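This report refers to the structure that appears directly beneath it.
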Amino acid sequence: MAASLPPTRPRIPGSGLAKGLAVTLRTMTRKHGTEQYPDTLPELPPRTRGVIGLFEENCTVCMLCARECPDWCIYIDSHKETVPPAAPGGRERSRNVLDRFAIDFSLCMYCGICIEVCPFDALFWSPEFEYAETDIHELTHERDKLREWMWTVPAPPALDPGAEEPKEIAAARKTAEKLAAAAQAEAAQAEAARADGAPAGPEEGDA
Ligand code: SF4
Ligand code: SF4
């Protein structure tokens, strides 16, 4: 015996339209997450991984970042230069001079490994993100552009009040204290010599 179908409810004319309008109204009043970029710029956290900035004065061309990059998208060229000895009779030294530093952001996966491994603090995250291009080849950015982005890197957060003094600052402070103490001792010596009646230094007109 064939199963009988349940009786269909009679349709109220216009009920579909009313349901549709109800959905529209509900959606219009709900808070939405769509950002109207570029008319409205997103509010990003200050430490956003937008792009990588290069502080080339700190770069010693050690190549560590290029070697550790999982995507091999850091391109560095350099040459060697001979530096004259620091003191007379010393040995000449050679140093690497940066010729090219570029990152291909079409390959970069923003892992941050290059920034982590750089031993000389030459790479930083910048929150800048507006560098989309219509041609993928233009996503390889050279050192001038990476340097420009460096100035958009936010300042480091303040140290905790009880934190240990950074070793660079401690070393600079110790050197400044030593120089100040030496200058003070010299001034005291000159003062003592003047008090004893001895000439403190060559007089004007001395041969
Ligand atoms: S963030 Fe990662 S993928 Fe991008 S350049 Fe640095 S190491 Fe390479
Ligand atoms: S790791 Fe740092 S210092 Fe070494 S080449 Fe890369 S950016 Fe320069």
Side-chain angles (χ1 to χ4, degrees), residues 33-38 40-87 90-160 163-176 179:
T34 311
E35 298 281 358
Q36 297 302 322
Y37 179 82
T40 313
L41 289 180
E43 280 179 25
L44 299 173
R47 300 276 157 198
T48 299
R49 293 183 175 199
V51 79
I52 297 166
L54 169 71
F55 190 51
E56 61 180 64
E57 284 80 356
N58 280 2
C59 178
T60 60
V61 201
C62 69
M63 304 296 282
L64 209 54
C65 55
R67 280 206 303 269
E68 295 294 325
C69 172
D71 288 348
W72 291 84
C73 63
I74 302 180
Y75 312 120
I76 301 176
D77 290 334
S78 68
H79 68 274
K80 279 202 185 298
E81 254 180 26
T82 307
V83 184
R91 277 212 331 231
E92 283 186 337
R93 287 162 300 135
S94 74
R95 69 180 177 106
N96 294 320
V97 179
L98 189 67
D99 291 325
R100 184 186 184 211
F101 195 112
I103 300 179
D104 184 350
F105 287 99
S106 69
L107 294 177
C108 175
M109 58 178 179
Y110 300 84
C111 63
I113 290 175
C114 53
I115 295 171
E116 293 296 323
V117 298
C118 175
F120 301 103
D121 281 348
L123 296 172
F124 295 86
W125 281 120
S126 150
E128 180 57 50
F129 66 95
E130 292 185 294
Y131 54 99
E133 298 288 350
T134 48
D135 184 348
I136 198 167
H137 299 107
E138 287 171 20
L139 277 169
T140 300
H141 286 291
E142 301 289 335
R143 66 196 268 192
D144 289 345
K145 191 71 195 165
L146 300 180
R147 186 179 174 74
E148 235 174 75
W149 280 322
M150 185 60 219
W151 313 130
T152 62
V153 173
L159 288 178
D160 287 340
E164 200 179 302
E165 190 175 29
K167 59 180 186 304
E168 295 87 351
I169 293 179
R173 187 177 45 73
K174 276 183 196 153
T175 311
L179 289 174

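Just follow the structure's listing: the first ligand is 1, and inside any ligand the first atom is 1. Every value quoted in this text rests on a predicted model; they were computed, and no experiment measured them.
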Around atom [atom1] of [X], are there more than 12 heavy atoms of other residues, nucleotides or ligands at under 6.0 Å?
| X | atom1 | answer |
| --- | --- | --- |
| Trp72 | CH2 | no |
| His79 | NE2 | yes |
| Arg100 | CZ | yes |
| Glu81 | CD | yes |

Measure the distance from [atom] to every protein heavy atom, then report the residue, atom name and distance (to 0.1 Å) of the closest one.
| atom | answer |
| --- | --- |
| atom 2 (Fe) of ligand 2 | Cys118 SG, 2.4 Å |
| atom 3 (S) of ligand 1 | Met109 N, 3.4 Å |
| atom 5 (S) of ligand 2 | Met63 N, 3.3 Å |
| atom 6 (Fe) of ligand 1 | Cys114 SG, 2.4 Å |
| atom 1 (S) of ligand 1 | Gly112 N, 3.2 Å |
| atom 4 (Fe) of ligand 2 | Cys62 SG, 2.2 Å |

Donor-acceptor contact present, side-chain [X] to main-chain [Y], <3.5 Å:
| X | Y | result |
| --- | --- | --- |
| Tyr75 | Asp104 | no |
| Glu128 | Glu130 | yes |
| Asn58 | Phe120 | yes |
| Arg49 | Cys111 | yes |
| Asp77 | Asp99 | no |

Which atoms from ligand 1 have a heavy atom of [X] less than 4.0 Å away?
| X | value |
| --- | --- |
| Pro70 | 7 (S) |
| Asp71 | 3 (S) |
| Cys73 | 5 (S), 8 (Fe) |
| Tyr110 | 1 (S), 4 (Fe) |
| Cys108 | 1 (S), 3 (S), 4 (Fe), 5 (S) |

For this session: Between Ile74 and ligand 2, find which residue part has any heavy-atom pair under 4.0 Å and reply side chain, backbone, both or neither.
Result: neither
For this session: Specify side chain, backbone, both or neither for Ala122, according to which of its non-hydrogen atoms lie closer than 4.0 Å to ligand 2.
Result: side chain
Which atoms of ligand 2 sit under 4.0 Å from any heavy atom of [X]?
| X | answer |
| --- | --- |
| Val61 | 5 (S) |
| Thr60 | 3 (S) |
| Phe120 | 3 (S) |
| Leu123 | 7 (S) |
| Phe101 | 7 (S) |
| Cys59 | 3 (S), 5 (S), 7 (S), 8 (Fe) |

For this session: Determine whether Phe55 and Cys118 make a side-chain contact, defined as any pair of heavy atoms from C-beta on separated by less than 4.5 Å.
Result: no
Exercise. Of the backbone atoms (N, CA, C, O) and the side-chain heavy atoms from C-beta on, which set of Ile115 has a member under 4.0 Å from an atom of ligand 1: side chain, backbone, both, or neither?
Worked result: neither
Exercise. Relative to the ring of Phe105, is the ring of His141 parallel (under 30°), tilted (30 to 60°) or perpendicular (over 60°)?
Worked result: tilted
For this session: Measure the acute angle between the ring planes of Tyr37 and Phe129, then classify it against the limits of 30° and 60° as parallel, tilted or perpendicular.
Result: tilted
Problem set entry | N, O or S atom of Cys69 closer to atom 6 (Fe) of ligand 1 than 2.8 Å | no
Exercise. If you measure from the Lys or Arg side-chain nitrogens to the Asp or Glu carboxylate oxygens, is any gap between Glu142 and Lys145 under 4.0 Å?
Worked result: no
Exercise. N/O/S of Cys65 less than 2.8 Å from atom 6 (Fe) of ligand 2?
Worked result: yes
